[in-house]
2 protein chains.
Amino acid sequence: MKTREKIILTSLELFNEQGERNVTTNHIAAHLGISPGNLYYHFRNKSDIIYDIFQEYEKLVDYYLDIPTDRPLTVDDMMGYLESVFDGLWSYRFFHRDLEFLLDNDQRLREDYRKFTYRCLDAIRRIFDGLRDGGVFHDQSEELKEAMALNVWLVITHWMAFLKSAQPSDSGSDSIRPEQLKEGIYQVLTLEMPYLREPYRDQVMALRAQYRPSVMAKKAVNG
Amino acid sequence: MKTREKIILTSLELFNEQGERNVTTNHIAAHLGISPGNLYYHFRNKSDIIYDIFQEYEKLVDYYLDIPTDRPLTVDDMMGYLESVFDGLWSYRFFHRDLEFLLDNDQRLREDYRKFTYRCLDAIRRIFDGLRDGGVFHDQSEELKEAMALNVWLVITHWMAFLKSAQPSDSGSDSIRPEQLKEGIYQVLTLEMPYLREPYRDQVMALRAQYRPSVMAKKAVNG
DNA sequence: CTATTATTAGAGTATATGCTCTAGCCCGTC
DNA sequence: GACGGGCTAGAGCATATACTCTAATAATAG
């Protein structure tokens, strides 16, 4: 494998494990067993590494959210989108974690991310439309679909942050498991619940039950 | 005013404007016109300043979310809670911005914040119950109330992050206005909409309309 | 007034971090 | 086998950051 690729992979791995803020370029080089000079031969600076990773993430999600317009959508389609998006979220989970700082320090990234966000919101709306055409969703006003899409986006992109903040202190820094992340699907389906038509409603509710967050079972100690 | 208090106030101000990550203890001291030594006479370290600020935030929100149990709740109560919570969010907006890093670097804060989260989730559920008793909400299963409360929490605590990430690059670093933050109320009411009873439903929808996010009007350029 | 304590100034330190610079190695080509 | 460009090592720099140390100054009590 080319050194450039290795840098990307290792950076992503370390960022995901420890957070971008806690991973220096020297760490990345050391972890790879290469010199800092070598790393900087392949990338002008740290931002470029992050930007590269973002573009891969973007490509992946755009691929996932390529919604067919020539046919209505099914419950299976919907679950597929959810599973895919949360998979992507897991693979690039560092990104949403340090998002604000990253955007503040790279205008290019800020602009691209903004467009990315609106593309995703649009895709969510198109999924709603497809599901309505498939008889899964009730028809709703454009305004409501827009607000709903935004709420879905908020839940999806920040579920990870919630999980991490609700973790007890004694667990390690990288203790969230992919299955826990998937529990965000439960929350998204909770949002959609009131807008589902029978008989799909019961079907989706049954699927939803499988993702029930484990945090909910636990009772918090309010000392 | 005591120096200690001044340090807290200035820190909060600078953190809110520039983000905790971008504000050093030397900046705080310089901004106050005092020496670093003086600052460190009053606080052992930066974490202690942040922890102090968090405790004030906690106190404020706990005060806002002191839900009466001896009477049902009205639509006005609900709107009052929303307005208050978003006010608090605005005053301490730096906090949710750099949350993950802050929690990673202060176990004490992590533990307190975890409990704080669960207290808030509990308060949201009790608001739901109060509104049900007041005839504003339909009755729902405990499971649904729990999931709903969590979604409300996610939207409230991350609305700010969304706004900042959706800002175009040409706006300043502290360009979000409090009215924009309040638009999060629209999103929360969107969540609650399906569970409202007539005649309150129409009333709430009318109130909701006043908070409609301006971002929604804009069309994004997907270059 | 004096002794003690609380507060403040400000130079300075240890460490980290992103990044640079120069020299040299590897490897394919003529 | 010599040449040259792609690649790599690694010492080291400029800057920043959280924090310390000493000495001096205010405030307060006896």
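Residue numbers begin at 1 in each chain, while the letters A, B, ... track the order of the sequences.
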Using the test side chain to side chain donor-acceptor pair (under 3.5 Å), find all partners of B/His27 that sit at least two apart in sequence or belong to another chain. B/Thr24

Flag the pair B/Tyr186 / B/Tyr211 as yes when their ring centroid distance falls below 6.0 Å, and as no otherwise. no

Length of the NZ-C1' vector between A/Lys2 and D/dT8, whole Å: 14 Å

Between A/Ser165 and B/Glu100, a side-chain donor and acceptor under 3.5 Å: no

Integer-rounded Å distance: C/dT7 C1' and B/Ile7 CD1: 11 Å

Test side chain to side chain donor-acceptor pair (under 3.5 Å) applied to B/Tyr195 - qualifying residues, sequence neighbours left out: none

Just to be sure I understand the geometry, which residues of residues 38-48 of chain B put a non-hydrogen atom under 4.0 Å away from DNA chain C? B/Asn38, B/Tyr41, B/His42

Would a 4.5 Å heavy-atom cut-off, applied to side chains only, mark B/Leu65 and B/Cys120 as touching? yes

Starting from the C-alpha separation in whole Å, work towards a yes-or-no answer on ring pair (Phe, Tyr, Trp, His ring centres under 6.0 Å) for A/Phe128 and A/Phe137. CA-CA 7 Å; A/Phe128 288 166; A/Phe137 272 24; 5.5 Å; yes

Using atom names, set out every protein N or O paired with an N or O of nucleotides 24-26 of chain D below 3.5 Å, distance rounded to 0.1 Å.
none

Could I get the full list of side chain to side chain donor-acceptor pair (under 3.5 Å) partners for B/Asp87, not counting sequence neighbours? B/Lys182

What's touching nucleotides 22-25 of chain C from the protein side, N or O pairs under 3.5 Å?
none

What salt bridge (Lys or Arg N to Asp or Glu O under 4.0 Å) pairs are there with at least one residue in residues 147-157 of chain A, not counting sequence neighbours? none

Looking at B/Thr25, B/Ile49, B/Asp52, which one forms a side chain to side chain contact (heavy atoms under 4.5 Å, CB included) with B/Ile7? B/Ile49

Contacts under 3.5 Å, N or O only, protein and nucleotides 3-5 of chain D:
none

Tell me: CD of B/Glu5 to P of C/dT7, nearest whole Å? 13 Å

Please name all residues satisfying side chain to side chain donor-acceptor pair (under 3.5 Å) with A/Asp106, sequence neighbours left out, ordered by chain then number. A/Arg108

Please test A/Asn45 against A/Tyr40 for side chain to side chain donor-acceptor pair (under 3.5 Å), starting from the C-alpha separation and ending with a verdict. CA-CA 7 Å; A/Asn45 51 43; A/Tyr40 278 92; over 6 Å; no

Give a yes/no answer on whether the side chain of A/Ser35 brings an N or O atom under 4.0 Å of OP1 or OP2 in D/dA9. yes

Sequence neighbours excluded, which residues qualify as ring pair (Phe, Tyr, Trp, His ring centres under 6.0 Å) partners of B/Tyr92? B/Tyr57

What is the distance, to the nearest angstrom, from the CD1 atom on A/Ile34 to the P atom on D/dA11? 15 Å

I need the CG-P distance between B/Asn105 and D/dT17, as an integer number of Å. 15 Å

Classify the ring geometry of B/Tyr113 against B/Phe95: parallel below 30°, tilted from 30° to 60°, perpendicular beyond 60°. tilted

Determine all donor-acceptor pairs shorter than 3.5 Å in which one atom belongs to a side chain in residues 148-158 of chain A; sequence neighbours excluded.
unit_1: A/Asn151; atom_1: OD1; unit_2: B/Gln187; atom_2: NE2; d: 2.9
unit_1: A/Asn151; atom_1: ND2; unit_2: B/Gln187; atom_2: O; d: 3.1
unit_1: A/Thr157; atom_1: OG1; unit_2: A/Trp153; atom_2: O; d: 2.7
unit_1: A/His158; atom_1: ND1; unit_2: A/Leu154; atom_2: O; d: 3.2

pair A/Arg125-A/Glu146: side-chain heavy atoms closer than 4.5 Å: yes

Ordered by number, residues from residues 19-29 of chain B within less than 4.0 Å of DNA chain C (heavy atoms) are none

A/Gln180 versus A/Trp159, closest heavy-atom pair with distance: O-NE1, 3.3 Å

